[in-house]
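Would you mind keeping the following structure in view while I ask a few things?
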Amino acid sequence: MAYEKTYDLLDLAIWMQSTREGISLNDIAEKYQVSRRTAERMRDMIITRFPQAEEIICENNQKRWYIPQGTLKDLINFSAEELSALETAKEIFAQKQMTDKKDILEKVINKVRASIKPDVIRKIEPDAEALLEAEGFICRPGPKLQLDEKIISKIRQAILECHQIRIKYYNQKSGKTSINTLNPYGFLYGERNHYLVAHHSDGFFGEEVHNFILSNIKDVEILDKVIVPLPNFSLQKYAEESFGAFHEEPFEVEWLFDKEVAEDAAQYIFHPTQIMIKNKDGTLTVKFRAGGRLEMDWHLYTWGDHVKVIKPENWYDK
């Protein structure tokens, strides 16, 4: 117990040095699941040990504290688990064809490695490599989408700079290519396809946004016109209305997992808004509201006969 409290205090000190906005008592109480009085004691112990800590008065006279940069330079180090987590994240970005983010994270990893003493890095690198291999990301088999990174980079640039784009888009159903002028808002990454979320700038579809399969975008031109964001549109809310990356009008969903797989199913986050109910007979009920019937079908197929769709009631008639 004493060891855990010491660890929390060191963690709090590092946190207080990592932010210029400072840490409030409410932040401490929430993160470490302690009372306000305990949060005050933790803050006091940090200030006593690190008198360089500075106090900030924010809105509503709320007090926040931070430790100046560099104060803890001799106390901060990295573990094999932390190094492995960074490497794993880099591999996931690479598999998802998110090359820009992968390259940025690789630079971060190199800086982390450069900051670790040579004798320490020699000790933790073998462990980090073993952990990474255990995660299964190095040689994971399976098909991967071929995406044009130049196109993705252009779209990202347009999103960051709030500019319209003109794309050449291949429609798989019709077999035809069309030219679309769009206001791009962001990306959704699915298991089978990745999508650009965008709004037709000509207003033909009103304020409705659409998903464009990234691999079907054959060319991109960044236009001079600056985007006027859609009122009340939130990419996060839009994504939460979807199952995976498929977006359609959300509906009430209820799945019933039988006793044989209930424990396994309880480990999954099927949707950010899900409600899980462990039934007395050992089964598991999962409820949420979202669109994306096709991807739900694909996922339900992996559970075989161990799951039943309760809602929508007409699920099996489609």
Report yes if the distance between the aromatic ring centroids of Tyr169 and Phe212 is under 6.0 Å, otherwise no.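 Yes.
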Counting only N and O atoms by type, is there a donor-acceptor contact under 3.5 Å from the side chain of Asn279 to the main-chain atoms of Asp281?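 Here the side-chain-to-backbone pair does not exist.
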Could you check whether Glu106 pairs with Lys90 (Lys NZ or Arg NE/NH1/NH2 to Asp/Glu carboxylate O, under 4.0 Å)?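 Yes.
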Stepwise, does the side chain to side chain donor-acceptor pair (under 3.5 Å) test hold for Asn171 with Ser178? CA-CA 8 Å; Asn171 188 307; Ser178 61; over 6 Å; no
For the pair His163 (side chain) and Val226 (backbone), establish whether a donor and an acceptor sit closer than 3.5 Å, ignoring hydrogens and angles.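 No, His163 side chain to Val226 backbone: no donor-acceptor pair under 3.5 Å.
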Tell me if the CG atom of Asp305 is crowded by more than 12 foreign heavy atoms within 6.0 Å.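 12 or below, so no.
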Counting only heavy atoms not in Glu263, do more than 12 sit closer than 6.0 Å to its CD atom?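 No - once you tally the heavy atoms of other residues, nucleotides and ligands closer than 6.0 Å, there are 12 at most.
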Keeping the roles fixed (side chain from Arg64, backbone from Glu21), state whether a donor-acceptor pair exists under 3.5 Å.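 Such a contact is found between Arg64 side chain and Glu21 backbone.
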Between Asp27 and Ser24 (side chain of the first, backbone of the second, donor and acceptor by atom type, cut-off under 3.5 Å), is there such a pair?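 The answer is yes, because a donor-acceptor pair under 3.5 Å joins these two groups.
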Is it true that Tyr66 and Phe50 fall in one hydrophobic cluster, defined by side-chain heavy atoms closer than 4.5 Å?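 They do not share one cluster, since no chain of ILVMFWY contacts under 4.5 Å joins Tyr66 to Phe50.
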What do you reckon, is CD of Glu40 surrounded by more than 12 foreign heavy atoms closer than 6.0 Å?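 Yes, CD of Glu40 has more than 12 neighbouring heavy atoms, counting only those of other groups under 6.0 Å.
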Applying the 4.5 Å side-chain criterion to the ILVMFWY set and letting contacts propagate, would Leu12 and Val34 be lumped into a single cluster?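 Linked, Leu12 and Val34 end up in one cluster.
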Audit row: Ser153, Arg156, side chain to side chain donor-acceptor pair (under 3.5 Å) steps and yes/no: CA-CA 5 Å; Ser153 295; Arg156 286 201 180 103; 5.0 Å; no
Check whether more than 12 heavy atoms from other residues, nucleotides or ligands sit under 6.0 Å from atom NZ of Lys31, and answer yes or no.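 Check passes, neighbour count above 12.
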Assess whether atom CD1 of Ile275 is packed by more than 12 heavy atoms of other residues, nucleotides or ligands within 6.0 Å.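 No - once you tally the heavy atoms of other residues, nucleotides and ligands closer than 6.0 Å, there are 12 at most.
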Is a donor on one side and an acceptor on the other found under 3.5 Å between the side chain of Glu313 and the backbone of Ile310?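 No; zero donor-acceptor contacts below 3.5 Å.
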Anything under 30° is parallel, anything over 60° is perpendicular, the rest tilted; go ahead and classify Phe257 against Trp303.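 Correct class here is perpendicular.
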How far apart are the closest heavy atoms of Leu182 and Leu196, and which atoms are they?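 That would be CD1-CD2, 4.2 Å.
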Is there a donor-acceptor contact under 3.5 Å from the side chain of Lys168 to the main chain of Lys218?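 No, Lys168 side chain to Lys218 backbone: no donor-acceptor pair under 3.5 Å.
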Measure the acute angle between the ring planes of Tyr268 and Phe270, then classify it against the limits of 30° and 60° as parallel, tilted or perpendicular.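 Correct class here is parallel.
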Under 3.5 Å: donor-acceptor pair, side chain of Gln274, backbone of His271: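 Yes, the answer is positive, given that a donor and an acceptor are paired below the 3.5 Å cut-off.
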Decide side chain to side chain donor-acceptor pair (under 3.5 Å) for Asp11 and Tyr32; before the verdict, give the C-alpha distance in whole Å, the side-chain angles of both, and the deciding distance to 0.1 Å. CA-CA 10 Å; Asp11 185 67; Tyr32 298 102; 2.7 Å; yes
Against the six-membered ring of Trp255, is Lys287 placed for a cation-pi contact (under 6.0 Å from the centre, within 45° of the normal)?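 No, cation not above the ring by the 6.0 Å, 45° rule.
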Which residue is it: Asp224, Asn183, Thr181? I am looking for the one with a side chain to side chain donor-acceptor pair (under 3.5 Å) to Gln164.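 One option only clears the test, and that one is Asn183.
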Donor-acceptor contact below 3.5 Å, side chain Asp264 vs main chain Gln267: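 Here the side-chain-to-backbone pair does not exist.
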Kindly give the heavy-atom pair with the smallest separation between Ile165 and Ala158, and that separation in Å.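 Of all heavy-atom pairs spanning Ile165 and Ala158, the closest is CG2-CB, 3.3 Å.
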